[in-house]
Number of protein chains: 2
Amino acid sequence: MSEPRWLNETELRAWTGFLETSDLLHRMVEQQLREVGGVTTVQYDILHRLNESPEKRLCMTDLADRLVSSRSGITYQVAQLEKAGLLRREDAPDDERRVLAAITEKGRQVLERTAPGHVEAVRAGLLDFLAPDQVAQLAAIMDATRAHLRSTVQLHPPRRARSR
Amino acid sequence: MSEPRWLNETELRAWTGFLETSDLLHRMVEQQLREVGGVTTVQYDILHRLNESPEKRLCMTDLADRLVSSRSGITYQVAQLEKAGLLRREDAPDDERRVLAAITEKGRQVLERTAPGHVEAVRAGLLDFLAPDQVAQLAAIMDATRAHLRSTVQLHPPRRARSR
DNA sequence: TCGCTTTGCTTCGAATTCGAAGCATGAGTG
DNA sequence: CACTCATGCTTCGAATTCGAAGCAAAGCGA
């Protein structure tokens, strides 16, 4: 094992800044959504993904992948949202195993009601505060990193061979 | 209420990219630390903060603030780490209310053992993948945003007046 | 000094998350 | 078709997180 390449001053600022900023932003957005009431960040994200999907519905696994969450976590949250009437579960027509989550009219209304404040919070916390070229830089950096990590990180633990 | 200023294409990429990247990075780092064994990301961060502190110890509230975590969450994790012998609780000499968490030799060894792999993971996931000027841009953006959010976001819920 | 507020931490219960294991369907191969 | 593996989802228990409430020490004004 050779000497580890420690982070220089700039790299350290980039890394720790990224971590801390992401926590702070997450908290800020969570607070804002809580005040308006109704949904958490995770639930907002789920509804948003469903709504932007062409069919207005997605199966559980696709949801989990897009939200970078575990499957069981999605099962839980979809159950919560179904109880609240913001989405509906449906059987997929072509594959009996799949379960589709479809946003309901009520869910769409929640989105419509909370989206403007949400976007304002995002602006106030991040975008409006940066210079336009910085926003562009951030977009480029995040685009590249996201694609890179998508192909690197394994979202779900590998399934071990069935016993016997 | 006027028409909300929706995000343009670049802003959207910056925002969603940031969210997704932060989740992916978090997962990647968590995986790496888990494989090496011993500590979680939160615990690594706590030990790291203690170790970089000049006195090698911090009080609970300072820890919570730096880690952008709730006080009760810190109480829990510090208890875990104390059980594992990686830190020690001490009474603050000047203020009876305060509890100091001081990293132990064993805790320092855990840091020393896990730090190289941790840094490598950070490089592999983010830094080595970006151009040098992008790292500098990211550092600048995160520095500014962090400071901005630090003065904006309230970490702890406001304490309501005592009843009676 | 007395009384009230503030501050630091912990305890408590509720909510959320994860991975492992289990169940059912689909796909592929002989 | 029979058999086996792969895939999609849920259930389960454990771990972690949070906010509210409570306790104790410190600060402060009258």
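Naming convention: chains lettered A, B, ... in sequence-line order (proteins, then strands); numbering from 1 in each chain. Side-chain atoms are counted along with the backbone in the values below, which use heavy atoms only and exclude waters and symmetry mates.
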Which nucleotide wins on minimum distance to the side chain of B/R71, given the candidates D/dA6, C/dT16, C/dT10? C/dT10
Of the listed D/dC9, C/dC9, D/dT17, the closest approach to the B/V99 side chain comes from C/dC9
Between A/Y76 and A/D95, just flag the one whose closest nucleotide in DNA chain D comes earlier from the 5' side. A/D95
A/L67 CG to C/dT16 C1', straight-line distance once rounded to whole Å: 15 Å
Would you say the side-chain atoms of B/S53 pair up with the backbone N or O of B/R49, donor to acceptor, closer than 3.5 Å? no
Indicate the ring-plane relationship of A/W15 and B/H118, choosing parallel, tilted or perpendicular according to the 30° and 60° boundaries. perpendicular
Which comes earlier along DNA chain C counting from the 5' end, the contact point of B/R27 or that of B/T61, where each point is its nearest nucleotide? B/T61
Report the distance from atom CZ of B/R34 to atom C1' of D/dT16, rounded to the nearest whole Å. 12 Å
Interatomic distance, A/I74 CD1 vs D/dT11 C1' [rounded to whole Å]: 16 Å
How close or far is atom P of C/dT7 from atom CG of B/D94, stated in whole angstroms? 16 Å
What is the distance, rounded to the nearest whole Å, between atom CG of B/D91 and atom P of C/dT10? 10 Å
Please state how far atom CE in B/M60 lies from atom P in C/dT11, giving the value in whole angstrom units. 10 Å
From NE2 of B/H156 over to P of D/dT17, roughly how many Å is that when rounded to an integer? 15 Å
Please pick, from D/dG8, D/dT16, C/dT6, the nucleotide with the shortest atom-to-atom distance to any side-chain atom of B/R97. C/dT6
How long is the straight-line distance from CE of B/M60 back to CG of B/L100, given to the nearest 0.5 Å? 10.0 Å
When you check the phosphate oxygens OP1 and OP2 of D/dA15, does a side-chain N or O of B/Q80 lie under 4.0 Å from one of them? no
Quick check on D/dC18: is either OP1 or OP2 less than 4.0 Å from any side-chain nitrogen or oxygen of B/S69? yes
Closest of C/dT17, C/dG8, D/dT16 to the A/Q77 side chain is C/dT17
Which nucleotide in the set D/dG19, C/dC9, D/dC12 lies at the smallest distance from any side-chain heavy atom of B/R89? C/dC9
Quick one: closest heavy-atom pair of A/A102 and A/R57, and the distance? CB-NH1, 3.6 Å
Are B/T75 and C/dT11 close enough that a side-chain N or O sits under 4.0 Å from OP1 or OP2? no
Does the base of C/dG19 carry an N or O that pairs as donor and acceptor with the side chain of A/S72 under 3.5 Å? yes
Nearest whole Å is fine: how far is C/dT16 C1' from A/I46 CD1? 12 Å
Look at B/R98 together with B/E96 and state whether they make a salt bridge at an N to O cut-off of under 4.0 Å. no
For D/dG8, does either OP1 or OP2 sit under 4.0 Å from a side-chain N or O belonging to A/R98? yes
